[in-house]
Amino acid sequence: MQAVISVVGRDKVGILKDVATKCADHNVNVIDVSQTVLQDMFTMIMLVDISNIDVKFGDFSAEMESYGSEIGMQIRAMHEDIFNSMHRI
Amino acid sequence: MFNTKDILETIHMISDEHLDIRTVTMGISLLDCADSDIDKTCEKVYKKITTKAKDLVSVCNEIEREYGIPIINKRISVTPIAMVVASSGGDPVKIAKTLQRCADEVGVNFIGGYSALVQKGFSAGDRELIESIPEALSVTNNICASVNIGSSKAGINLDAVALMGKIIRQSAELTADRNCIGPAKLVVLCNAPEDNPFMAGAFHGVGEPDCVINVGVSGPGVVKTALEKVRELDITAVAELIKKTAFKITRMGQLVAQEASRRLGVPFGIVDLSLAPTPAIGDSVAHILEEIDLSQCGSAGTTAALALLNDAVKKGGVMASSRVGGLSGAFIPVTEDAGMIAAATNGTLSIEKLEAMTAVCSVGLDMIVIPGDTPADVISAIIADEAAIGMANFKTTAARLIPAIGKKVGDTLSFGGLLGEGPVMPVSTASPLKFISRGGHIPAPLQSLKN
């Protein structure tokens, strides 16, 4: 089972490390990362494996979101099915 | 790996363009709750609803968090209560109060189904239920009522139409101290669908399974934003773009419906392919029509543009879902749509134009505020006109009219929240009293010789 973590906000040092650490804390494995910086706005998309996650995915998602607001960035962890269903037939 | 553009598109739709699941509605049959004693009926109703729907809200919240898609309303639709009252007799308001207790207990936003189906005539329980609607809507907060007074197969029950004009007025008068909220929870239908997840017309039809999950999607903002990016397109390409956007919106509804159905252990019923506006800026159906370059919703050309929009939404949505149903189409509730409110306020949008629009889109004269002194027979006649459009065109039409007691044209009635606010709109005052008082039945239309 996979999920997509998106991080959008003003670029800052260590953001990739911080998000990856949060994932590791919950046994969430990072599979792929892509990132771009457009006019100082940092956008990172992370594909992660949540098969062995140690909390409910909904709680993980809420934790990431509140961590995002702590550091002034928008962080969303969403189940991959939402993208699959919308963009693939 | 996903395409980054696709991921960001989905996220923008949700965060900036108001994409949401408008409602997850659990349909529950109450046929097995009918008892010869109304108090026992109430007990059984309470037990059944609070058992079947106990996890509805928590499961929806869970889906919301995991998929990142907001689910605005969690609702329940039940068997038309007139059928339940038919067995027990007694005061139907007792059941309305029981439904309110159920809504409070399970935490849903609305329970629909305080309803009667009288398109061909009144049977046991129907008249009692209809006459109790004003009180039922006044003593409850989250219960919706509906009455089906016509169909393409049965024609229009003019006695019921006459009665409903009076009921709507009484309902407004009883709730005059609360912005006439009563009739905002009451809809009069022709060709009512039995699997509709949207209020106020939702009820659980007799042909439905014992319990079912129906989902209504939304997303006027997404369609408008998609059109903003391609202003040079001709109208054929506009229709294509709306289809593609509707497909994406509906896929989301299908996913949520399947997930909710699986987690609750309840069969999936239908996805309602709808464009349902809210009063929020950027979530308006009228603004989509204006994006197709009408100067304002209500101008000449509105009916044509709306016909295109409605058709494209259905064509795009139908392929995205395994089962579709409900009302399916673009909604035009005046008080719930920022663009409609503006157009009605400056007079571009009239009730007569809205009536024409209802011939080509979902539902009907919806959430329209009319002067507080509008006589019951005028309300009935508006209902009859609207029902005739549905009957003759083999589609659902409805009237949800709110007489603003103590207010006149130029005033505004405000409900707040999703129900919004709207200007009091002028209605023709020439009296249809004699026509409405004739009673009887308008025969069903021919199925052949169509021109």
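Reminder, nothing fancy here: chain letters follow the sequence lines and each chain counts from 1. Keep in mind it's a predicted model, so treat the numbers as computed, not measured.
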Review point. Quick one: does I11(B)'s side chain get under 4.5 Å of R76(A)'s, heavy atoms only?
Key: yes

Revision key, fill the gap. In this structure, CE of M44(A) is separated from OG1 of T4(B) (nearest 0.5 Å) by 12.0 Å

Check your understanding: What distance separates Y67(B) OH from F83(A) CZ, expressed to the nearest 0.5 Å?
Key -> 11.5 Å

Revision key, fill the gap. In this structure, CG of N84(A) is separated from CZ of R251(B) (nearest 0.5 Å) by 9.0 Å

**Study point:** Structural part of L8(B) lying under 4.5 Å from a heavy atom of chain A
**Key:** side chain

Revision key, fill the gap. Residue from V8(A), I31(A), I89(A) scoring the most non-hydrogen pairs under 4.5 Å with chain B is I89(A)

Review point. Contact part of E9(B) toward chain A, heavy-atom cut-off under 4.5 Å: side chain, backbone, both or neither?
Key: side chain

Point to revise | chain A contact via S15(B) - which portion, at a heavy-atom distance below 4.5 Å | key: both

Exercise for review: Look up atom OG in S34(A) and atom CD1 in I7(B), then write down how far apart they are to the nearest 0.5 Å.
Suggested key: 7.0 Å

Exercise for review: Heavy-atom pairs under 4.5 Å with chain B are the metric here; pick the option from Q2(A), Q74(A), E80(A), H79(A) that has the most.
Suggested key: H79(A)

Review point. Roughly how far, to the nearest 0.5 Å, is the CE atom of M13(B) from the CD1 atom of I82(A)?
Key: 10.5 Å

Practice item. Please check if the side chain of S61(A) supplies one atom and the backbone of R65(B) the other of a donor-acceptor pair under 3.5 Å. Key: yes

Review point. Should the heavy atoms of other residues, nucleotides or ligands under 6.0 Å from NZ of K12(A) be counted, would the total exceed 12?
Key: yes

Check your understanding: Would you say the side chain of E62(B) lies within less than 4.5 Å of the side chain of K56(A), judging by non-hydrogen atoms?
Key -> yes

Practice item. Measure distances from T36(A) to the heavy atoms of chain B and classify the residue's part below 4.5 Å as side chain, backbone, both or neither. Key: neither

**Study point:** Side chains of L19(B) and M86(A) in contact at under 4.5 Å (non-hydrogen atoms)
**Key:** yes

Practice item. Any chance you could measure D81(A), atom CG, to M252(B), atom CE, to the nearest 0.5 Å? Key: 12.0 Å

Exercise for review: Pick one of side chain, backbone, both or neither for A77(A), based on which atoms fall under 4.5 Å of a heavy atom in chain B.
Suggested key: backbone

